[in-house]
Enquirer: 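Provided herewith is a single structure, encoded as structure tokens, for subsequent inquiry.
Starting from 1, each residue takes its place in the sequence as its number. Remember, it's 1-based here, ligands and their atoms both numbered in the order they're listed.
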Amino acid sequence: MKDIIDRLAGKHDLTDEEFERLILCDEPEANDYLTKKADEIRQKVYGKDVYLRGLIEFTNYCKNNCRYCGIRCANKNVERYRLSKEDILSCCDMGYDLGFRTFVLQGGEDPYFNDDRLVSIVRDIKKNHPDCAITLSVGERERDSYQRLFDAGADRYLLRHETADKAHYELLHPAEMSFDHRMQCLKDLKEIGYQVGCGMMLGSPGQTIKHLVKDLRFLQSFKPHMVGIGPFIPHHDTEYKDCSAGTVEMTLKLLSIIRLLLPDVLLPATTALGTIDPLGREKGLQAGANVVMPNLSPGNVRGKYLLYDNKICTGDEAAECIRCMTARVAKAGYQVVQSRGDHIDMIEGNTY
Ligand code: SAH
């Protein structure tokens, strides 16, 4: 197994069969070695720096009905909210004072936030904080909409592909949603010039090792700037309520493999990982992750953006979140830095 890991670290590639063996491997020594190699490469590219992204969950209205998601439109037990433009701008102001230089606006697919409204929000954030990066994570839109938002100043876009296998995608989503459209969105975003993040849940219902290998092949060919992965966690108001959650071990394993596959990729240690294990995010950082996304949403809405059960950090205020996160990062052996934290392109020698 050590050979396989060395080859992945050196050549950033393996055969499908080797990927499967590595993903399934449960020898503690081999897994420790994988973690060590991932951390080595992470430190070569990014040192001990950890980038902060201030996450603003600005609407939990959603027109979609993804089977796994707690805020799917069919869930009538959600108390819906949307933040006003003023709320969003003041979240950014407060985040700026706390040291954030990237704001991630994430939400359900809420038709209220049409292009005009979103463009005006993006413009104003950029006007107030020209040294900050804006990341959008508002799902599938059409190319001209992505273009308008980019022209208004959005720098990055997060759209997880969820799974690179069409049949698996169709299992996880209702018939109105299309795998091909999601893939087209990712392609459009990249062509327009966004720094793009994709990613998948680990342990989602119906996921097999072969699906994970397909995900890795997709990452290899798509070359995203960022990969957001986290364990699937059931939500009590969905049909998957009795399914088991993804595991910490599998999430850490995939973080390390992705770090070795795409050495310069931005890799967050996600809230979902911190939810299934109190030290999940710290372990994620030690396994190759280099980004954390503390919550900047106002305290009164945090308990309403629940994609899955037992989500952490729903009670804290932003200042508390950043203090807690900075301490956790330091304890794990790394340091939070105050910068936009752009992607470092090792091959082209550019930073975006
Ligand atoms: N609506 C936007 C972004 C919000 S959802 C979009 O569709 O892109 C952000 C991510 O949360 C999703 O991409 C999904 O991977 C993850 N997520 C949703 N439900 C989840 C669950 N039950 N467990 C773990 N992650 C979940």
Enquirer: For the pair R259 (side chain) and V265 (backbone), establish whether a donor and an acceptor sit closer than 3.5 Å, ignoring hydrogens and angles.
Expert: yes
Enquirer: Check each atom of ligand 1 against the heavy atoms of E162 and keep those under 4.0 Å away; list them by number with element.
Expert: 12 (C), 13 (O), 14 (C), 15 (O)
Enquirer: Measure from atom 24 (C) of ligand 1 to every heavy atom in G228, P231, A272, G139 and give the option owning the shortest one.
Expert: P231
Enquirer: Please work out, at 4.0 Å between heavy atoms, whether the side chain, the backbone, both, or neither of Q106 comes within that distance of ligand 1.
Expert: side chain
Enquirer: To check your reading of the model: name the closest protein heavy atom to atom 19 (N) of ligand 1, its residue, and the distance in Å.
Expert: Y68 CD1, 3.3 Å
Enquirer: Considering non-hydrogen atoms of the protein only, which is the closest contact for atom 25 (N) of ligand 1, and what is the distance?
Expert: M201 SD, 3.5 Å
Enquirer: Within ligand 1, which atoms have a heavy atom of R182 less than 4.0 Å away?
Expert: 6 (C), 7 (O), 8 (O)
Enquirer: Please state whether G107 comes within less than 4.0 angstrom of ligand 1, counting heavy atoms only.
Expert: yes
Enquirer: Do N295 and T314 have side-chain heavy atoms sitting under 4.5 Å apart?
Expert: no
Enquirer: Main chain of E79, side chain of N60: is a donor-acceptor contact present, judged purely on distance under 3.5 Å?
Expert: yes
Enquirer: Which label fits F100 and F103: parallel for a plane angle under 30°, tilted from 30 to 60°, or perpendicular past 60°?
Expert: tilted
Enquirer: Can you tell me the protein heavy atom closest to atom 11 (O) of ligand 1 and the distance?
Expert: L307 CD1, 3.4 Å
Enquirer: Under a 4.0 angstrom heavy-atom cut-off, which atoms of ligand 1 come close to S137?
Expert: 3 (C)
Enquirer: May I ask you to check whether D188 and Y157 show a side-chain donor-acceptor distance below 3.5 Å?
Expert: no
Enquirer: Considering both backbone and side-chain atoms of I233, is one of its nitrogen or oxygen atoms within less than 3.5 Å of a nitrogen or oxygen in ligand 1?
Expert: yes
Enquirer: For R160, counting its heavy atoms only, list the atoms of ligand 1 lying under 4.0 Å from any of them.
Expert: 13 (O), 14 (C), 15 (O), 16 (C)
Enquirer: Against heavy atoms of L159, which atoms of ligand 1 measure under 4.0 Å?
Expert: 8 (O)
Enquirer: Is the cationic atom of K311 (NZ for Lys, CZ for Arg) positioned less than 6.0 Å from the six-membered ring centroid of Y305 and within 45 degrees of its normal?
Expert: no
Enquirer: Taking Y194 for the side chain and F150 for the main chain, is one N or O donor matched with an acceptor at less than 3.5 Å?
Expert: yes
Enquirer: Please check if the side chain of R67 supplies one atom and the backbone of E239 the other of a donor-acceptor pair under 3.5 Å.
Expert: no
Enquirer: Using a strict 4.0 Å cut-off to heavy atoms of Y305, name the atoms of ligand 1 that fall inside it.
Expert: 4 (C)
Enquirer: With a cut-off of 4.0 Å, which atoms of ligand 1 are near a heavy atom of C69?
Expert: 19 (N)
Enquirer: Please confirm whether the backbone N or O of S84 pairs with a side-chain atom of D87, one donor and one acceptor, at under 3.5 Å?
Expert: yes
